[in-house]
Amino acid sequence: AYERRFPTCPLIPMFVASDTVNEYKSEDGAIHVIERRCKLDIDAPRLLKKIAGVDYVYFVQKNSLNRRERTLHIEAYNETFSNRVIINEHCCYTVHPDNEDWTCFEQSASLDIKSFFGFESTVEKIAMKQYTSNIKKGKEIIEYYLKQLEEEGITFVPRWTPPVACKSESSTSHTRRPVSPAINIPDSATKEGLNNKEILNTSSSPSEPTAGTPDDKLDADYIKRYLGDLTPMQESCLIRLRQWLQETHKGKIPKDEHILRFLRARDFNIDKAREILCQSLTWRKQHQVDYILDTWNPPQVLQDYYAGGWHHHDKDGRPLYVLRLGQMDTKGLVRALGEEALLRYVLSINEEGLRRCEENTKVFGRPISSWTCLVDLEGLNMRHLWRPGVKALLRIIEVVEANYPETLGRLLILRAPRVFPVLWTLVSPFIDDNTRKKFLIYAGNDYQGPGGLLDYIDKEIIPDFLGGECMCEVPEGGLVPKSLYRTAEELENEDIKLWTETIYQSASVFKGAPHEVLIQIVDASSVITWDFDVCKGDIVFNIFHSKRAPQPPKKDSLGAHSITSPGGNNVQLIDKVWQLGRDYSMVESPLICKEGESVQGSHVTRWPGFYILQWKFHSMPACATTNLPRVDDVLASLQVSSHKCKVMYYTEVIGSEDFRGSMTSLESSHSGFSQLSAATTSSSQSHSSSMISR
């Protein structure tokens, strides 16, 4: 079936042609080696091909079929630009050592870019895109030719038998048959009797990368010490998800313990775990959550009136967090600080919890991946059901559930009053089912009896306010003085400030109301760089140049300025009377960016003057003919939420002598880490420069 893809394969459009350059067959017919020179039409930007001086690239592929050992080894390396770029790929089909009816497949590749006209990063992205595409296509292609063989009546190929003189050699060789670790077969697979076609489907699933790695199996001591009990299937899921992140995620790779939390939250479904993990990584990047403990100091109001804090650990070694919710003035805290400050404080608590889990893992010598929360509801009343306070609580729960899964080991709710069922009815729908199972609720003094607090916390550390002997340093809470309350406008400005303290800025984009950033260039050789994330909706990114400065934007009460959400602004610089080609010109091709994508790029300026970066609402083709006035579109967006997009962006201008890239404009590239499970391919409608970056 594999050989049928030569000399060319219609299922692989970039595979233009191939020629046989060398072929060898052993006398006994057991070995067949064939070497081909393959011509490929790589999907690369036209500019890059022009600079490189080639339209096609050539690879040498060597296929070694060993009928005696029942293996097919495929090796490939690049012939074109081999002095600048070294690409090696190895694939292997083998028979499973425990069941000869199963076929194993493993694939690995290496890339070493020495130099490439200053386009090293771009070439790396192209290579990753092509390699990922090949993996996803491999399953489809092999199944296509297997089906073709079946239609021709070929469903079985007789086993190779050696000539009589070679029997002893055959038996010796057979004992040396290589064992492939390509697939971690679940125990259930042997019980259910999967056939070879099912195993092949499992090993080459598009959504589960199969690239081999020396790290195909985790060390048993490492698992026991840091991760806890894992089945072979769970271990395999962790390795595959970590590999995928290493290949596609541009930035800090989470630790195995954190990746494992997302897998457990989705019952080790790799596609679902990858989706929520990628969304969480994008969120952490946008809000600089990794640095929150080092860069953010909680306001004094929180330190005085937020009745919560860390308090030793429970009997399982989990860090213990105590929250005296009944003593906390939620309305006063929201009125004095705003929703964003409260959210950020809760995030800092969760980040501290992750840090304490790592410390306790070292102290107790066993994996501690979650913490216990003790919530005392003594004093809870209708004041706590103040609607804005409940709204803030629900948002906090939503954010924590999405970004800190499986971090709550147990929640002990003590002294629940009669009003508690009302609050529980409001918040429980927002809590994950797995998390809800960890809740233990005690009314009155029930926590003091059998099955109560002493089953989970040592007597020596039970807080004094619960009848214990341990002094608890958690603030007592109390009413926040009304003199500390702030106006709605002050709180909104504070909320905006909280999320714009980082290098990233937030902008809202409406249908008919793009967001534009002005950059003045004095030195014609300067380099404009950008990095932005599309948080909501689809947008079109443009870069324009003008010799004259646009007029400063006026804040129109009907304009986009008055309807942006906290943390987002909207500025329009290009006057409606300006004409493209007369007053300003486009210097880069438009780039369509989908929701969830992260885009990085740069532009080497050819002229001094004024450059405008524009993020514009991307209309669907069916709506392309509509041309409403800007104000009408903005007003319409108040009723139609789908007409609003949001981006987080950062721009910088650097001198050409400080820029390590090429002096030719490097086109924008998309990072795959922020996508969902389909992140590894760029849309066919996107601009040709859209590529995956590592």
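The side chain to side chain donor-acceptor pair (under 3.5 Å) search around Asp290 returns Arg284, not counting sequence neighbours.
Atom CZ of Arg4 has more than 12 neighbouring heavy atoms from other residues, nucleotides or ligands inside a 6.0 Å radius.
Going from atom NE2 of His618 over to atom CD1 of Ile592 covers 4.0 Å, rounded to the nearest 0.5 Å. Remark: His90 NE2 to Ser110 OG distance equals 11.5 Å, nearest 0.5 Å. Separation of atoms CG (Leu72) and CG (Asn63) is listed at 6.0 Å; rounding is to 0.5 Å. Interatomic distance, OG1 of Thr529 versus CD of Glu652, reported as 5.0 Å (0.5 Å rounding). Here the CD atom belonging to Glu150 is positioned 14.5 Å from the CZ atom belonging to Phe156, to the nearest 0.5 angstrom. For the atom pair Ile539 CD1 and Lys646 NZ, the distance stands at 14.5 Å (nearest 0.5 Å).
Tested against Trp530 for a ring-ring contact (aromatic ring centres under 6.0 Å, His included), the candidates Tyr611, Phe541, Trp615 yield a single pass: Phe541.
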*Going through the checks in order, is the side-chain contact (heavy atoms from CB on, under 4.5 Å) test met by Phe262 and Leu241?*
CA-CA 10 Å; Phe262 285 86; Leu241 184 51; 5.6 Å; no
*Worked verdict on Tyr649 versus His515 for side-chain contact (heavy atoms from CB on, under 4.5 Å)*: CA-CA 11 Å; Tyr649 67 91; His515 177 68; 3.2 Å; yes
*asked:* Does Glu516 form a side-chain contact (heavy atoms from CB on, under 4.5 Å) with Lys616? I'd like the steps, not just the answer.
replied: CA-CA 9 Å; Glu516 294 162 346; Lys616 185 173 68 173; over 6 Å; no
_Check against side-chain contact (heavy atoms from CB on, under 4.5 Å), Leu277 and Trp244_ = CA-CA 12 Å; Leu277 178 56; Trp244 185 84; over 6 Å; no
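The minimum heavy-atom distance linking Leu111 with Ile87 is given by the pair CD1-CG1, 3.6 Å. Minimum interatomic distance between Ile543 and Glu588 (heavy atoms only, all atoms of both residues): CD1-CG, 3.5 Å. Of all heavy-atom pairs between Leu245 and Leu281, the closest is CD2-CD1, 3.9 Å. The minimum heavy-atom distance linking Arg67 with Gly29 is given by the pair NH1-O, 3.0 Å. When all heavy atoms of Ser18 and Pro7 are compared, the closest pair comes out as OG-O, 2.6 Å. Between Phe105 and Cys91 the shortest heavy-atom distance is CE1-CB, 4.0 Å.
One finds no salt bridge joining Arg266 and Glu275 here, because no Lys/Arg side-chain nitrogen approaches an Asp/Glu carboxylate oxygen to under 4.0 Å.
Formation of a donor-acceptor pair under 3.5 Å by the Asn78 side chain with backbone atoms of Val85 is found in this model. Judged by distance alone, with hydrogens and angles left aside, the side-chain atoms of Asn66 form no donor-acceptor pair with the main-chain N or O of Ile31 at under 3.5 Å. In this structure, the side chain of Thr80 engages the main chain of Tyr58 through a donor-acceptor pair within 3.5 Å.
Between Trp607 and His545, the ring-plane angle classifies as tilted under the 30° and 60° cut-offs. Classification of the Trp102-His96 ring pair by plane angle, with boundaries at 30° and 60°, yields perpendicular.
Applying the salt bridge (Lys or Arg N to Asp or Glu O under 4.0 Å) test to every pair with at least one member in residues 31-40, sequence neighbours left out, gives these pairs: Glu3-Arg36, Arg37-Glu79.
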